Amino acid sequence: RTTTYKPFSIKSQSAPVLSQDDLKKLAADKAVESVKSGMVLGLGTGSTAAFVVDKLGQLLSTGELSNIIGIPTSKRTQEQAASLNIPLTTLDSHPHIDLAIDGADEVDPNLDLVKGRGGALLREKMVEAASSAFIVVADDSKLVSGLGGSGLAMPVEVVQFCWKYNLVRLQGLFKDLGCDAKLRLAGDGSEKPYVTDNGNYIVDLYFKTPIKDGFAAGKEISALEGVVEHGLFLGMATSVIIAGKTGVEVMTK
Ligand code: 5RP
């Protein structure tokens with residue numbers, strides 16, 4: 001089911017030209033409308049989730065929200081939330097989360113997702129699996145007809161020990177889909193690997209053909225010893241808020 005909200009009309013002469021950041025913020029603001037005082041919240045990671053955290057900080061500072069407590073999904077989000085005076089806790093202290101809000105890298109028509117290009121997939125999956133509701137916020141560039149179909153990375157977090165062995169095994173699992181596996185680098189121009197908040201590496205999988213059965217693929221990946229978590233988030237999102245040039249759409253199952 002899709003509900004469309006049109007904050008502006010595309011026919012209007014005065015329709016604003018929206019940047020991708022504007023779209024991310026529109027989706028974030030719409031999602032924060034679901035936050036109520038007193039909630040335990042899962043706080044996502046990434047540029048779209050950062051707009052959610054900003055908005056929560058703003059609503060707390062004006063008193064429009066009170067008594068919320070957040071569980072961050074990365075050190076980055078933890079720092080941002082702390083700088084905005086958002087009270088924080090952990091899954092150990094609060095194992096039941098009312099609502100998690102997070103971005104995604106790919107969203108398919110079943111509301112299944114690829115996540116983790118920001119490297120936070122493990123904590124995101126733990127927090128979002130513990131949430132009664134999980135709202136995804138994204139701009140419309142994230143919509144795909146099949147997972148793995150964007151041609152961008154599908155991340156798998158692996159232990160550092162013999163990562164190459166696992167990279168080869170992961171690539172081998174998806175030979176039929178023309179899969180290419182690459183170790184993620186730190187991105188500082190060096191050849192140093194990217195290290196997650198959990199001290200692990202990430203192998204990014206690139207598919208020529210989208211994954212046909214996400215559940216089967218997820219099972220096969222998880223069965224490899226040394227794989228910590230994969231970026232397929234299947235059957236987890238309760239709704240997806242997509243912002244595009246013509247408005248904000250809320251997709252629910
Ligand atoms: C981080 C994630 C992010 O939610 C995902 O990468 C989307 O990020 P952005 O909103 O910056 O496009 O999964 O691990």
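In listed order, ligands and their atoms are each counted from 1. Values in this document were obtained by computation on a predicted structure and should not be read as measured data. We count residues from 1, following the sequence as given.
Close contacts of ligand 1 with Gly116, meaning ligand atoms under 4.0 Å from a residue heavy atom, involve 2 (C), 13 (O), 14 (O). Counting atoms of ligand 1 from 1 in the listed order, those under 4.0 Å from a heavy atom of Gly119 are 14 (O). Residue Arg117 has at least one heavy-atom neighbour below 4.0 Å for each of these atoms of ligand 1: 6 (O). Atom numbering of ligand 1 starts at 1 in the shown order; those under 4.0 Å from a heavy atom of Gly103 are 4 (O).
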Open item on the list: Using side chain to side chain contact (heavy atoms under 4.5 Å, CB included), reason through Val40 and His96 one step at a time and then give a plain yes or no.
Closed with: CA-CA 8 Å; Val40 179; His96 303 292; over 6 Å; no

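From the protein, the heavy atom lying nearest to atom 6 (O) of ligand 1 is Asp105 OD1, 2.6 Å. For atom 12 (O) of ligand 1, the nearest non-hydrogen atom of the protein is Lys142 NZ, 2.6 Å. In terms of protein heavy-atom proximity, atom 1 (C) of ligand 1 is closest to Glu124 OE2, 3.1 Å. Looking only at heavy atoms of the protein, atom 10 (O) of ligand 1 is closest to Thr48 OG1, 2.5 Å. Given atom 3 (C) of ligand 1, the protein heavy atom at minimum distance is Thr45 O, 3.1 Å. Protein heavy atom nearest atom 9 (P) of ligand 1, with residue, atom name and distance: Ser47 OG, 3.3 Å.
Counting only distance, with no hydrogens or angles, the side chain of Asp108 and the backbone of Gly146 share no donor-acceptor pair below 3.5 Å. Counting only distance, with no hydrogens or angles, the side chain of Arg123 and the backbone of Asp197 share a donor-acceptor pair below 3.5 Å.
Contact annotation: for Ser74 versus ligand 1, there are no heavy atoms closer than 4.0 Å. With a heavy-atom cut-off of 4.0 Å, Asp102 touches ligand 1 through its side chain alone.
Residues Glu157 and Leu122 approach most closely at OE1-CB, 3.5 Å, considering heavy atoms. Gly116 approaches Asp105 most closely through the heavy-atom pair N-OD2, 3.0 Å.
A heavy-atom distance below 4.5 Å is found between the side chains of Val158 and Leu170.
In this structure, a donor-acceptor pair under 3.5 Å is absent between the side chains of Ser19 and Asp21.
For ligand 1, the polar-atom distance check finds no N/O of Gly46 at less than 3.5 Å from any of the ligand's N/O atoms.
Looking at Lys182 and Asp204, no side-chain N of the basic residue comes within less than 4.0 Å of a carboxylate O on the acidic one, giving no salt bridge.
Atom CD of Glu191 has 12 or fewer heavy atoms from other residues, nucleotides or ligands within 6.0 Å.
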